[in-house]
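Beneath this line is the structure, given in structure tokens, with notes to follow.
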Amino acid sequence: MFEHYLTYQKSDPKRQRRIAIASVVSGTLTFSGIIFVWAANKMNITKVDPPTVQFLMVQMSAEEAAPPPPPPPPPAAAETQEEEEKEEIPEEDVPEEIVQPKETPDKVPDVKKSAGGAKTNAVPGGVPGGVPGGVPGGVLGGVLGGQLGGQLGGVATKRDATQATAPKPIAVVMGNAIYKPDPEANKLAATKAGMFDKRPGTVSVFFCVDVDGKTADVKLKKKFPHNDPKVDEICRDTVKKWRFKPFMVGGKATKVCSEVDFNIKFN
């Protein structure tokens with residue numbers, strides 16, 4: 001049996017060759033088919049829609065700057081100024097000819113007579129007819145002690161009753177007071193001196209009462225000694241609120257001035 005198997009089962013060289021050829025042919029065909037299918041897929045170009053996005057190209061270029069304007073021509077007045085600047089030669093003054101008088105007085109009088117015939121001594125710088133004690137530039141017939149430049153026969157002018165006179169005592173001025181409030185305590189307490197320092201001090205305020213009875217020319221004469229301007233402002237504003245009856249002098253209302261002291265104390 002074994003010998004029979006070896007005899008019939010022995011490989012046939014032709015058969016092996018045919019199998020090898022068939023294997024090579026089948027492998028070649030299979031590879032070619034794969035290549036053909038890949039190439040066919042590549043060659044199949046599908047139609048696509050055109051793009052919907054629109055592109056806009058903008059090109060910017062800088063323009064060249066305009067050349068600067070030419071410089072203005074020099075002013076024509078420069079030439080005229082040069083001519084004016086030339087030194088002018090002043091004309092020479094011709095001296096006047098001095099003529100000797102033909103007749104000379106024998107005696108020069110040193111004494112002048114007045115209108116009544118009385119002799120008066122000459123006053124240096126005076127004029128004929130003047131009197132001793134006069135001033136240069138006075139008027140003949142004037143009065144000693146008169147005002148220079150005044151008129152003869154003039155009368156002395158009286159001082160206007162509405163003008164301010166010398167400061168009056170505060171007690172006299174307060175006698176005509178109609179409304180005279182004191183500095184507000186709550187405002188003084190709200191100041192720096194009232195909240196922290198609390199040291200007392202005096203504030204002096206100068207003021208005038210005009211012809212209408214209202215205060216005017218309100219000024220600070222003496223500040224609060226502890227350097228708190230708010231206290232000074234409160235005292236000054238208080239005086240501005242005061243009202244008085246007009247002060248009458250010669251039947252006319254007149255302006256008077258005075259000075260008041262505020263003694264500030266804090267609790």
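Positions are given from 1 along the sequence. The model shown is predicted, which means the values in this text are computed figures rather than measured ones.
- Going from atom NZ of Lys219 over to atom CG of Asp217 covers 6.0 Å, rounded to the nearest 0.5 Å.
- Residue Phe262 holds its CZ atom at 10.0 Å from CG of Leu188, rounded to the nearest 0.5 Å.
- To the nearest 0.5 Å, the span separating CZ on Arg199 from CD1 on Ile264 amounts to 15.0 Å.
- The shortest distance between side-chain heavy atoms of Phe207 and Ser258 falls below 4.5 Å.
- No side-chain heavy atom of Phe206 sits under 4.5 Å from any side-chain heavy atom of Lys222.
- In this structure, the side chains of Cys257 and Lys168 stay at 4.5 Å or more apart for every pair of heavy atoms.
- Atom-to-atom distance recorded for Lys252:NZ and Met248:CE is 10.0 Å, nearest 0.5 angstrom.
- Counting heavy atoms from C-beta on, the side chains of Val172 and Pro169 come closer than 4.5 Å.
- Using a 4.5 Å cut-off on side-chain heavy atoms (C-beta onward), Thr215 and Phe244 make contact.
- In this structure, Lys198 places its NZ atom where more than 12 heavy-atom neighbours from other residues, nucleotides or ligands lie under 6.0 Å away.
- Screening Thr191, Val231, Asp197, Ile234 against Phe224 for a side-chain contact (heavy atoms from CB on, under 4.5 Å) leaves a single residue, Val231.
- At a threshold of 4.0 Å, the pair Lys230-Asp228 does not count as salt-bridged, since none of the basic side-chain nitrogens sits closer than that to a carboxylate oxygen.
- Counting heavy atoms from C-beta on, the side chains of Val37 and Ile35 never come closer than 4.5 Å.
- For the residue pair Asp261 and Thr202, no side-chain donor N or O sits within less than 3.5 Å of a side-chain acceptor on the partner.
- When all heavy atoms of Cys208 and Lys255 are compared, the closest pair comes out as CB-CE, 3.6 Å.
- Atom OG of Ser204 sits about 8.0 Å away from atom CG of Leu220, to the nearest 0.5 Å.
- At most 12 non-hydrogen atoms from other residues, nucleotides or ligands lie less than 6.0 angstrom from CG of Asn227.
- Within the 4.5 Å cutoff, the side chain of Trp242 has no heavy atoms near those of the Ile178 side chain.
- Closest approach of Lys265 and Pro200 over heavy atoms only: CG-CB, 4.1 Å.
- Rounding to the nearest 0.5 Å gives a distance of 10.5 Å between CG of Asp210 and OG1 of Thr254.
- When side chains are defined from C-beta on, Val209 does not count as touching Pro246, because their heavy atoms never get closer than 4.5 Å.
- Evaluation of the salt bridge (Lys or Arg N to Asp or Glu O under 4.0 Å) test over residues 172-194, restricted to residues two or more places apart or in two chains, returns Glu184-Lys187, Glu184-Lys241.
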